[in-house]
Amino acid sequence: MPFMRSFKSKSVVFFFFLFSLLSAKSFAQDDLLSLLGDEPNKKEFVKNAFKATRVISAQSMEQVAAGVLDFRILHRFGRVNGGSREAYGLDQATIRLGLDYGISNRVMVGIGRSSNKKEIDVYAKYRMIWQGKGKGSIPFSLIFISGVVKDGLEWSNPERNNYYTSRLAFYQQAILGRKFSDVFSLQLMPTLVHRNIVKTTDDLHDIYSMGVGGRIKLTRRLALTAEYFYNLPDQLSATNTNPLSIGIDIETGGHVFQLHFTNALGMNERSLITDTNGSWEKGDIHFGFNISRVFTLSKPKSFKNK
Amino acid sequence: MKKYLVVLSILFAVSIHANAQDRYFTRNGKVTFLSDTPMEKIDAVNSQATSVIDVSSGNFEFSVLMKAFEFEKALMMEHFHENYVESDKYPKSVFKGTIENISSVDFNKDGVYPVKFKGTLLLHGVTKDLNGQGVFTVKAGKINGSSNFVIQLSDYKIEIPSLVKEKVSNDVKITVDAIYAKFQK
């Protein structure tokens with residue numbers, strides 16, 4: 001059957017042709033980049049757990065980047081229960097002016113001057129563990145802060161032998177924090193404040209406190225923040241209270257404004273933890289805000305020559 | 001007819017073979033972008049772009065990891081990732097396209113070859129058509145591909161808040177510069 005034979009061989013050739021066409025086509029559709037294979041699973045640091053280096057008054061698990069200087073103004077008005085005569089607290093102002101500088105991406109130092117007690121505080125903040133993403137990375141951040149606060153008021157009793165060291169208080173703080181998701185970050189802040197001098201012999205020099213701070217991101221530019229310090233019982237006098245602050249972070253595009261309500265006027269760790277005596281129930285609440293302006297003093301390597 | 005088909009098939013087979021050979025790639029292509037306004041200049045560099053060119057078809061792809069962009073100012077970088085490109089949600093930007101006049105480029109011969117390309121750019125989860133021009137420079141066996149073009153942020157649903165309208169330009173200039181090497185499997 002010559003006809004059949006010719007048909008068969010023709011069809012074989014035709015199929016071969018079709019097949020070659022198809023294979024050419026499948027080649028062209030291949031994902032070219034997949035040729036390079038999977039990218040190595042790079043470890044990546046988790047960033048922006050908080051918008052700022054402060055949750056509200058307390059330090060957050062964020063630091064300024066290397067070579068960046070942050071000028072930060074913390075401002076608290078008077079108590080809102082002062083009534084209309086005090087413009088609901090707006091007549092009074094307590095501030096802390098501070099400079100924070102990133103020596104590296106893990107080490108930050110800062111100095112601040114508070115109007116409250118004319119205190120100067122100096123601290124260093126070191127990120128020992130950085131929460132990461134990717135294979136083998138650690139799921140939390142661990143940061144240590146060590147600082148000293150100097151009381152700047154005149155001695156209340158000049159007759160006494162007043163030592164310079166009596167002006168000093170020290171604090172050690174660890175921040176154990178995790179950015180659970182884009183929306184939610186939480187940190188624990190066990191803190192020890194040591195005061196060189198205390199009012200009476202009954203007062204303790206060492207105050208232990210456990211802080212907690214968190215953030216819930218509502219939108220890309222708006223976040224809810226809160227922080228609270230629980231002072232272990234029977235350490236401070238009965239008039240002392242635990243500082244609780246609730247606020248919002250507003251990102252305007254260039255800056256972060258932090259607005260909040262708090263029962264604490266302290267803006268360094270000593271005064272925040274051991275000097276708070278406002279009560280939320282009685283309305284001893286202060287409205288406050290933090291603003292900051294950053295300056296890049298030292299550019300990253302790839303921009304050095306520009 | 002039969003002969004014709006056989007010849008064609010062989011040709012195709014040969015072309016597939018050639019296909020596998022004539023690919024060029026890079027893992028450290030440089031991609032920069034520039035947003036320039038009288039108020040502020042924002043530029044960033046990424047030196048880890050990957051790309052593959054298939055010479056026989058003219059198809060090529062470019063992939064950029066958003067997290068690998070470096071900025072002069074740390075705050076710019078934070079805003080870039082957090083507020084503009086949302087790099088946690090959209091970690092990569094990928095261009096897939098074709099060089100229309102690939103046949104005019106001889107990768108084995110020194111020369112400067114202008115090319116036209118068209119394709120699609122995926123950025124911030126949005127895919128848009130993108131056409132442009134580029135140049136291949138072959139010198140002493142080194143193949144350099146470069147291009148620059150302008151994209152509109154609004155095309156890719158990247159919003160600029162009204163407060164910084166004067167500081168961030170909607171027109172962003174992109175430059176691409178990559179040295180390709182022959183791909184061997």
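Order of the sequence lines fixes the chain letters, A, B, ..., with proteins taken first and strands second; residue numbering starts at 1 for each chain.
Under a 4.0 Å N-O distance rule, the pair A:Arg221/B:Glu159 does not qualify as a salt bridge. Checked for salt-bridge contact, B:Glu82 and A:Lys47 miss the test: no charged N lies under 4.0 Å from a carboxylate O.
Only the side chain of B:Lys67 comes within contact range of chain A, with heavy atoms under 4.5 Å apart. For B:Ser87, no part sits under 4.5 Å from any heavy atom of chain A, backbone or side chain. Contact of B:Met77 with chain A is made through the side chain alone, with heavy-atom distances under 4.5 Å. For B:Ser47, no part sits under 4.5 Å from any heavy atom of chain A, backbone or side chain. With a 4.5 angstrom heavy-atom cutoff, B:Ala68 does not touch chain A via any of its atoms. Looking at B:Val168, there are no atoms closer than 4.5 Å to chain A (heavy atoms on both sides), in backbone or side chain. Heavy atoms of B:Glu86 lying under 4.5 Å from chain A belong exclusively to its side chain.
At a threshold of 4.5 Å between non-hydrogen side-chain atoms, the residues A:Leu32 and B:Arg23 count as touching.
In the displayed structure, A:Lys217 atom NZ is contacted under 6.0 Å by more than 12 heavy atoms of other residues, nucleotides or ligands. In the displayed structure, B:Glu100 atom CD is contacted under 6.0 Å by more than 12 heavy atoms of other residues, nucleotides or ligands.
Considering every non-hydrogen atom in both A:Val68 and B:Ala74, the closest pair reads CG2-CB, 4.0 Å. Nearest heavy atoms, B:Asn83 versus A:Arg220: O-NH1, 2.8 Å. When all heavy atoms are compared, the tightest approach of B:Ser63 to A:Leu33 is CB-CD1, 3.5 Å.
Just one of A:Asn48, A:Val46, A:Asp182 meets the side-chain contact (heavy atoms from CB on, under 4.5 Å) condition when paired with B:Asp88; it is A:Asp182.
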How far apart are the C-alpha atoms of B:Glu72 and A:Thr296, what are their side-chain angles, what is the distance that settles it, and do they pass the side-chain contact (heavy atoms from CB on, under 4.5 Å) test?
CA-CA 8 Å; B:Glu72 186 175 339; A:Thr296 304; 5.5 Å; no
